[in-house]
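Here the structure is laid out as structure tokens; the discussion comes afterwards.
Reminder, nothing fancy here: chain letters follow the sequence lines and each chain counts from 1.
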Amino acid sequence: MIALVDGNNFYVSCEKVFNPALDGKPVVVLSNNDGCVISRSNEAKALGIKMGEPAFKRKEFMEQNNVTVFSSNYTLYGDLSNRMMKTLQNFSPNVEVYSIDEAFVSLEGITANTEDYAHKIKATIHKHIGIPVGVGVAETKTLSKIANKIAKKNNGVCVIDSETKKEWALRNTLIADVWGVGRQYAKKLNSIGIITAYDFTKLDSAWIRKNMSVVGLRTKEELLGTPCIAMEMNLQPKKNIATTRAFGKKLSDVNIISEAVSTHAVRCAEKLRRQKSRAQYITIFIHTDPFSQTEKYVYKSKTLTLAIASNNNSDLVKYAIHGLKELFEPKLLYKKVGVIVSGISDEMQVQGSLFEGMNDKKRDTVSIITDQLNFRFGKDVVKLAVQGNNPDWKLRQEKLSPHYTTRWNELLKVKA
DNA sequence: TCTGGGGTCCTAGGACCC
DNA sequence: TCTGGGGTCCTAGGACCC
């Protein structure tokens, strides 16, 4: 059996850990740049605030209804997530961290009563981290996702361990809510009369193969109880790494945009070094405001091949700036730039270049020491001059909560 | 005025090889 | 006049996930 443990309204729940007075009140967390609503408390959902809604459209409504609003604080959520995953590892040696707020936990070899065990997991996470979770248990990942959804409507735990329960669960789950079935497939399936997960398990496999590829076929088998999606316990290195941000305000100055691009490139380099990889390609993209009524939308991108795969700051920045200069058109008002690195290989296995020799060890050392200093003293304490200091491209984060668990000077103060 | 930021996998079709 | 049969690699686009 596999348990899916999933934090309820995760980002909002993280904020509530340090603001217990918010319990029972409407709370939302916004995306970067305070753009869209990306996490809502149950009370906020009840008010009709939708996932992904632009915050500015709901500003007045949220003020009138005393909704507490937070900018996203990924440092905090990431830290609480790590703690949650560590706690889960006490329950099973086989934990797959699936996303920031959920994990699959293999219950293979656990002899305790499944229902009791699931309740114990839920209670322990709540006690240790302060986050409410739902636990869904079933034979396959796809079924445990369904169990988890049912759990959240009940007391937080749902175990599907018999044919009767399975059929009930499948009959009471819309096909659109099944893991692996998105909007497009749901529409197509509904149009031929497939409404529930149960209907889908009765659908002809050849039709599924033809219209939804092998991925759809796996979903059908998983719903029937045959595992097709394995547990993946080891963190796999990323095949693509991206750092992209919308600007705090629209920009047309290439020098300021260069600061943003080079900082994004450095972030990508840091992510590469963290997973001990190097990248062979770098893509730079830039675009204007896609929502603008008055200006035309312009999107451009450029992919460059590095002479030698690299993960050091100055290499990636050099290529990124080069790419930007090729894309940049004066007089346009830009809204966002991004850097994506790909062609990722192991740090230790680098193909040298016929013309440029091997990697420059000195520059790699500089990057490593920069990492150490920045980890100890704070992000970008040591940086390249081109990264600059102009605030215009930086995110809007007007409602940011403190970094309660990761910065000494932002620790919660308690009066006793 | 104000609309996020990451990822993965699969397939078809074209270009190429013998 | 007749024009096979087997592969691989790459890319763009489309679907999905959080």
Side-chain angles (χ1 to χ4, degrees), chain A residues 4 6-7 9-11 28-39 50-63 69-74 77-78 81 96-104 141-142 145 148 175-189 208-219 222 228-230 232 235-250 264 267-268 271 275 280-281 283 285 287-295 297 301 303 305 333 335-344 395-399:
Chain A
L4 176 67
D6 178 320
N9 316 328
F10 189 71
Y11 298 166
V28 301
V29 173
L30 305 181
S31 63
N32 271 333
N33 243 346
D34 295 344
C36 300
V37 174
I38 53 167
S39 182
K50 297 272 181 298
M51 184 69 176
E53 251 189 317
F56 76 92
K57 286 190 180 167
R58 287 297 216 152
K59 193 157 185 271
E60 207 168 297
F61 176 85
M62 292 200 285
E63 278 165 12
V69 179
F70 290 98
S71 302
S72 36
N73 183 345
Y74 290 109
Y77 313 149
S81 171
E96 174 184 343
V97 177
Y98 179 64
S99 75
I100 192 163
D101 70 332
E102 61 188 289
F104 290 105
K141 283 182 167 181
T142 308
K145 276 273 195 183
N148 183 278
I175 188 61
D177 291 338
V178 170
W179 189 45
V181 178
R183 279 236 284 278
Q184 303 304 318
Y185 286 152
K187 208 158 77 181
K188 189 183 266 190
L189 288 165
I208 298 176
R209 177 67 181 81
K210 183 161 176 281
N211 291 278
M212 300 173 70
S213 86
V214 295
V215 182
L217 220 42
R218 279 185 206 132
T219 300
E222 284 249 324
C228 299
I229 307 171
E232 192 57 74
L235 208 60
Q236 298 299 311
K238 300 258 185 285
K239 298 171 178 174
N240 298 288
I241 289 174
T243 305
T244 71
R245 293 284 179 281
F247 303 133
K249 54 171 105 162
K250 296 181 194 175
H264 296 344
R267 288 287 99 75
C268 284
K271 293 176 189 175
Q275 70 165 28
Q280 186 74 65
Y281 309 106
T283 303
F285 72 80
H287 66 76
T288 60
D289 181 359
F291 301 101
S292 173
Q293 304 289 324
T294 50
E295 307 141 36
Y297 179 54
S301 80
T303 300
T305 304
L333 281 172
K335 185 60 191 167
K336 182 174 181 174
V337 285
V339 175
I340 303 164
V341 293
S342 55
I344 288 174
L395 295 176
R396 254 194 321 273
Q397 290 184 306
E398 287 168 4
K399 318 268 190 183

Study note, to complete from the structure: Regarding the side chain of Tyr98(A), the nearest nucleotide among dC18(C), dG4(B), dT8(B) is dC18(C)
Check your understanding: Around atom NZ of Lys238(A), are there more than 12 heavy atoms of other residues, nucleotides or ligands at under 6.0 Å?
Key -> no
Check your understanding: At under 4.0 Å between heavy atoms, what does Asp101(A) touch on the DNA or RNA strands: base, sugar-phosphate, or nothing?
Key -> sugar-phosphate
Review point. In terms of side-chain heavy atoms of Arg245(A), which of dG6(B), dA15(C), dG4(B) is nearest?
Key: dG6(B)
**Study point:** Protein-nucleotide distance (Ile38(A), atom CD1; dC18(C), atom C1'), rounded to Å
**Key:** 11 Å
Practice item. Using a heavy-atom cut-off of under 4.0 Å over every strand shown, decide if Thr243(A) touches base, sugar-phosphate, or nothing. Key: sugar-phosphate
Review point. With under 30° as parallel and over 60° as perpendicular, where do the rings of Tyr77(A) and Tyr11(A) fit, or are they tilted in between?
Key: parallel
Practice item. Among dG5(B), dC18(C), dC10(B), find the nucleotide with the atom closest to the side chain of Asn32(A). Key: dG5(B)
**Study point:** Phosphate-side-chain proximity, Arg396(A) and dT1(B), N/O vs OP1/OP2 below 4.0 Å
**Key:** no
Check your understanding: Asn33(A) near the nucleic acid: base, sugar-phosphate alone, or nothing, with a heavy-atom cut-off under 4.0 Å?
Key -> nothing
Point to revise | Whole angstrom value for the distance that separates P of dC9(B) from CG of Leu217(A) | key: 18 Å
Point to revise | Least distance between heavy atoms, Glu232(A) atom then Glu96(A) atom | key: N-OE1, 2.9 Å
Exercise for review: Check every strand shown and say whether Arg58(A) touches a base, only sugar-phosphate, or nothing at a heavy-atom separation below 4.0 Å.
Suggested key: nothing
Review point. Picking from dG5(B), dG7(B), dT11(B), which would you name as closest to the side chain of Ala242(A)?
Key: dG7(B)
Review point. Is Ile241(A) touching bases, backbone alone, or none of the nucleic acid, heavy atoms closer than 4.0 Å?
Key: sugar-phosphate
Practice item. Just compare dT8(B), dG4(B), dC18(C) and give me whichever is closest to any side-chain atom of Cys36(A). Key: dG4(B)
Practice item. Would you indicate what Val178(A) reaches in the nucleic acid, counting non-hydrogen atoms under 4.0 angstrom: base, sugar-phosphate, or nothing? Key: sugar-phosphate
**Study point:** side-chain N/O Lys336(A) vs dG5(B) OP1/OP2, d < 4.0 Å
**Key:** yes
Exercise for review: Please state how far atom CD1 in Ile340(A) lies from atom P in dA12(C), giving the value in whole angstrom units.
Suggested key: 13 Å
Exercise for review: Round to a whole Å and report the spacing from CD of Gln397(A) to P of dG5(B).
Suggested key: 11 Å
Point to revise | Whole-Å distance separating the NZ atom of Lys187(A) from the C1' atom of dC16(C) | key: 15 Å
Review point. Atom CD1 of Ile100(A) to atom C1' of dC18(C): distance rounded to whole Å?
Key: 10 Å
Exercise for review: Using only side-chain N and O atoms of Lys238(A), determine if any of them is under 4.0 Å from OP1 or OP2 of dG6(B).
Suggested key: no
Practice item. Using only side-chain N and O atoms of Thr244(A), determine if any of them is under 4.0 Å from OP1 or OP2 of dG6(B). Key: yes
**Study point:** Where Ala246(A) and Leu395(A) come nearest, the two heavy atoms and their spacing
**Key:** O-CD2, 3.9 Å
Review point. Glu53(A) near the nucleic acid: base, sugar-phosphate alone, or nothing, with a heavy-atom cut-off under 4.0 Å?
Key: nothing
**Study point:** Side-chain N,O (Arg209(A)) to OP1/OP2 (dT11(B)) below 4.0 Å
**Key:** yes
Exercise for review: Spell out, as yes or no, whether a donor-acceptor pair under 3.5 Å connects the side chain of Lys141(A) to the backbone of Leu4(A).
Suggested key: no
Review point. With a 4.5 Å limit on heavy-atom distance, are the side chains of Ser81(A) and Phe10(A) in contact?
Key: yes
Exercise for review: Rounded to the nearest angstrom, tell me the gap between atom CD in Glu398(A) and atom C1' in dC2(B).
Suggested key: 10 Å
Check your understanding: Roughly, in whole Å, what's the span from CD1 in Ile229(A) to C1' in dC10(B)?
Key -> 14 Å
Point to revise | Watson-Crick/G-U partner (both atom distances under 3.5 Å) of dG6(C) | key: dC17(B)
Study note, to complete from the structure: Heavy-atom nearest pair, Glu398(A) first then Asp34(A), reads N-OD2, 2.8 Å
**Study point:** Under 4.0 angstrom between Lys145(A) side-chain N/O and dC18(C) OP1 or OP2
**Key:** yes
Exercise for review: Check every strand shown and say whether Lys249(A) touches a base, only sugar-phosphate, or nothing at a heavy-atom separation below 4.0 Å.
Suggested key: nothing
Point to revise | 5' precedence on DNA chain B between Lys239(A) and Pro290(A) (nearest-nucleotide basis) | key: Pro290(A)
Check your understanding: Is Lys210(A) touching bases, backbone alone, or none of the nucleic acid, heavy atoms closer than 4.0 Å?
Key -> nothing
Check your understanding: Out of dC2(B), dG4(B), dT8(B), which has the shortest distance to the side chain of Asn240(A)?
Key -> dT8(B)
Study note, to complete from the structure: Quick note, Tyr185(A) side chain, CB onward, closest among dT8(B), dC16(C), dC18(C) is dC16(C)
Check your understanding: Does Lys271(A) make a side-chain N or O approach to OP1 or OP2 of dG6(B) shorter than 4.0 Å?
Key -> yes
